[in-house]
Amino acid sequence: MGSMNAVEIEEAISVLAERPFDPTEFPYAFLQAFGNKETTLSRLRAGNTNKSDVGGVLQRNNIHLAVAPPGEVSAKLSQLRESPATTKQKAKFILATDGETLEAEDLASGEPLACAWDELPDHFGFFLPLAGITTVRQIRENAFDIRATSKLNKLYVALLKENPAWGSDERRPDMNHFMARLIFSFFAEDTGIFAESRLFTDTVSRMSAADSSNTHEVIGTLFRAMNTKHADRENAGIPRWAASFPYVNGGLFSDKVDVPRFSRTARSYLLQVGSLDWKQINPDIFGSMIQAVADDEERGALGMHYTSVPNILKVLNPLFLDDLRAKLEEAGDNSRTLLNLRKRIARIRVFDPACGSGNFLVIAYKEMRAIEHEINRRRGQPGRPSEIPPTNFRGIELRGFAAEIARLALIIAEFQCDELYRGQKDAIQEFLPLDAENWITCGNALRLDWLAICPRTGTEVKLLGDDLFNTPLDQPEIDFENAGGETYICGNPPYKGRNKKDSTQKGDLAAVAGPRTSKHRTMDYVAGWLLKLADYISAVPGTAGAFVATNSVCQGEQVPVIWPLVYERGVEIFFAHLSFTWSNLASHNAGVTVVVIGLAANGTRSKCLYSGTSMRLVASIGPYLVPNTTVIVKATTTPLGPQKKMYLGSMAKDGGNLVMSLKAARDLVQNHGVNSAFVRQFFGSEEVIYGKPRACLWIDDSHADSALKNAAIAEIVERVRRFRRQSDAPSTRAFASTPHRFVQLSAASGTRAIIVPRVSSENRPYLPVSYFAAGPVIGDKCYAIYDAPLWNMALVASRLHWVWVGTVCVRLEMRFSYSNTLGWNTFPVPALTDQNMADLTRCAEDILLAREVHYPATIADLYDLETMPDNLREAHERNDEVLERIYIGRRFRNDTERLERLFAMYTQMTANEKRSSTARRMRG
DNA sequence: AATCCGACACTAT
DNA sequence: ATAGTGTCGGATT
């Protein structure tokens, strides 16, 4: 099976449906459209793999399809359904067609499909499981949006090819604006906004020459007409054939913008896009798909950056929609209460300072219209004009095309809601001309003053440009009539981790956070939005906001950097969704793990913690998204308690040269005369967890000269030198002069070591930890405690430590990512008596002995939740029992209690630390 | 001089 | 192809 994405499949099916029906070739062409390779098809043709018993084509585990004699499609489908081969070969679909009609069935769900042959492209989504695309239901329900995206993309590319200058930075906005006008025109001609159906497409088709030479002039004339009031058209020289186009204006048609020249291909794509049924557009989904069209880098993943509505509602519902719905519920049929609620809704502003193509805004708008409609229905006023002004939905977006689409998406959403709740006639009547205001700002949200875009509400004075905390570089001059009311800020801003920001993004973050902390470089890019949100909330009382963010803003080193700055504004977390994966339509869903964080002024909202579908009320939510504690844990280089010092292993930075497989090392010694004294076992995380060491070259400076006399060693070392010299990082280049050794020899070593892998699976009930005698090289994917009493290992292996590290250290997606400074040194351990240490040492020994029994089982084997041996489980239970008795004199009831105790102890121990260091300073 | 992170990056199945 | 689970080394303190 190929790896075509939905957009590519749509294209292939469209091509198939446009060609004359070929009964012999159809089954193969169909399979090809879903990504089957030529070799697969030729084997089916030859009959080797064709299992059909009704004269069709049956691909195992896939589809049984057959061509029917004219008019006998239903009969053929029955035949396919009843065929024993269909069941035996586990076909997922059956399909029959005679080239006039087509019938099919999804055998798993029983869902039928019947359509005319040439409508097949409208239903391609039905068959997507054939291409391995099964997970996302939305894609099937939004076949139109994918088709439109695919065709617009072709048009966009063809236009850029014909007008290379339009791809430049200066002209790109014109190009984007042009595309937005086109999309609007297609929508308008299919929804009755234009006087006749297909008016735009037909006019272009009729008036422009087939050789495409004057297509741009025709379109330009139509756009000009739409920007000219009827009374002025004669003076403006608008020709008669453009007369039936309405006056649209709004921001959309007001500026004078050229039309790009069309090639023949571009013209034909234009007409194809126009022939789609734009009534079916879903502005939220379409927008997030189409925005990739104008993005050179993203175009490869066209249509794949769709964000699901349920995920967006994870932000909007707890932020304010749930409350509105609850108020609606309470109001019942009380006309007066309902009226007040309607007035309240009409004054709510929703502001997304990272709005992309506007899907948060569109969904918020639609949900609010639904509530308003229900109010009107209960008050006996169905079909009443909406009081919710689209100008209350504001956004900032950096990418020009996305910003254009966001504006358009809101316009379309408004029309569709009017049509749904008030009927087509009213919707059309009041639709034009469009409002002139542009309430989506194209710009850099971290550089703009949010108060200028979404000013304080109520009767206060205008606050344009009054930014309390920063001096913006660029201020849009927006002065909306201010309705008064609540403001809700929402969105899914971009994430860029510590090492992934480009220089512009670093600058943006420095502008926001630089004045307040020198550590802004460690913050994720998304933190800039969180800080500006906190600023806005403190400046405009009553505001609440929620963003989707990478979960690492609530973990590890970022917590002590970001959250004090939020709290310092008098702002707190009032709801949060714990980590979940943010999925899109990309086939290899490089998922990112996110949280949703809701912020509001201290004490203004009750606190809700969401996890999956469950929700619980809590007293407070801390920056680790843990209930009832707002403690922040800071990395420290020395242990807080009695635990011994833990060191990071040695870092290779060798371009994969010094470290090698055992086999390669053996080959060096046996066949290339390498002295075995220079070869040592090497352990990283994986090597520890799976008990499979690798090898590395380990050459002391004093032996470097003699080692390099060996040709094989010299060659390896030369490759290391080259790799380091070519590195972008100065910290690596600096070690190009000592290529025979690791860049960093761990600060310590010893005869025995307790080893802790850095990254490990979240599916184990205890952190992996191992114990080695001297000899192997410990790589930087491990930490080590050298020559320490074994009770240190008892701590690492405890459930208490699992809970602590899982909370305060960062995670890679959901994996544990261990840290000495953040997780080990900060781990609150009470003072230990000699007896305590002896007991814990015994527990650690028992754990090692329990593992020993199962030799050669690895840590991965032993700590698999399903198959963990009883004796090992018992050894850990005893370890936890002994340790927890030291903490509180009994076992903890659960992990929540463990965490609460640990945070309480941490607070106490760090307070003592502060006091004693102050005392030391005073004495000194 | 030491370490934290990854709108990830692999491998195994 | 996707479920499962940690490499690797740049950028930062």
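Residue numbers start from 1 in every chain, and the chains themselves are labelled A, B, ... in the order their sequence lines are given, proteins ahead of strands.
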Regarding [X], tell me which of base, sugar-phosphate or nothing describes its non-hydrogen contacts under 4.0 Å with the strands shown.
X       : result
R724(A) : nothing
P757(A) : nothing
Y690(A) : sugar-phosphate
Y525(A) : nothing
P493(A) : base
K506(A) : sugar-phosphate
R815(A) : base
N551(A) : nothing
Y783(A) : sugar-phosphate
K500(A) : sugar-phosphate
R764(A) : sugar-phosphate
D524(A) : nothing

Legend entry - Distance-only donor-acceptor test (3.5 Å): side chain Q744(A), base dA1(B):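 A donor-acceptor contact between them is absent.
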
Inset, instruction - Could you tell me whether the side chain of E813(A) has a donor or acceptor atom within less than 3.5 Å of a complementary atom in the base of dC8(B)? - result: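 Side chain to base: pair present.
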
Is any side-chain N of the basic residue among [X] and [Y] closer than 4.0 Å to the acidic one's carboxylate O?
X       : Y       : answer
D524(A) : K496(A) : no
E762(A) : R815(A) : yes
R811(A) : E813(A) : no
E686(A) : R694(A) : no

Round to a whole Å and report the spacing from [atom1] of [X] to [atom2] of [N].
X       : N      : atom1 : atom2 : value
Y495(A) : dC5(B) : OH    : P     : 17 Å
M523(A) : dG6(B) : CE    : C1'   : 17 Å
R733(A) : dG9(C) : CZ    : P     : 15 Å
L767(A) : dT5(C) : CG    : P     : 15 Å
M814(A) : dG6(B) : CE    : P     : 13 Å
N820(A) : dA1(B) : CG    : C1'   : 13 Å
L812(A) : dT5(C) : CG    : C1'   : 9 Å
M651(A) : dC5(B) : CE    : P     : 13 Å

Inset, instruction - Between N825(A) and K496(A), just flag the one whose closest nucleotide in DNA chain B comes earlier from the 5' side. - result: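 Closest to the 5' end, via its nearest nucleotide, is N825(A).
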
What's the gap between [N] and [M] when it is taken at their [atom1] atoms, as a whole Å value?
N       : M       : atom1 : value
dA7(B)  : dT13(C) : C1'   : 25 Å
dG10(C) : dC10(B) : P     : 15 Å
dC4(B)  : dT7(C)  : C1'   : 15 Å
dA9(B)  : dC5(B)  : C1'   : 14 Å

Measure the acute angle between the ring planes of [X] and [Y], then classify it against the limits of 30° and 60° as parallel, tilted or perpendicular.
X       : Y       : value
Y863(A) : Y766(A) : perpendicular
Y786(A) : Y647(A) : tilted
Y525(A) : W529(A) : perpendicular
F127(A) : F93(A)  : tilted

Of the listed nucleotides [options], the one nearest the side chain of [X]:
X       : options                  : value
R498(A) : dA11(C), dG9(C), dG6(B)  : dA11(C)
T522(A) : dG10(C), dT13(C), dG6(C) : dT13(C)
T821(A) : dA7(B), dG9(C), dC4(B)   : dC4(B)

Legend entry - Derivation of the side-chain contact (heavy atoms from CB on, under 4.5 Å) call for M814(A) and S579(A): CA-CA 8 Å; M814(A) 286 303 286; S579(A) 294; 3.6 Å; yes

Is the shortest side-chain N/O distance from [X] to OP1 or OP2 of [N] below 4.0 Å?
X       : N       : result
R521(A) : dA11(C) : no
S727(A) : dG10(C) : yes
S819(A) : dC4(B)  : yes
K519(A) : dT13(C) : no
N499(A) : dC8(B)  : no

Legend entry - Per-nucleotide pairing state of DNA chain C [Watson-Crick or G-U, under 3.5 Å; [ ] pseudoknot-crossing; | other strand]: ||||||.||||||

Legend entry - Most 5' of D654(A) and S518(A) on DNA chain C, judged by nearest nucleotide: D654(A)

Legend entry - Evaluation steps, side-chain contact (heavy atoms from CB on, under 4.5 Å), between N359(A) and N492(A): CA-CA 10 Å; N359(A) 46 8; N492(A) 178 17; over 6 Å; no

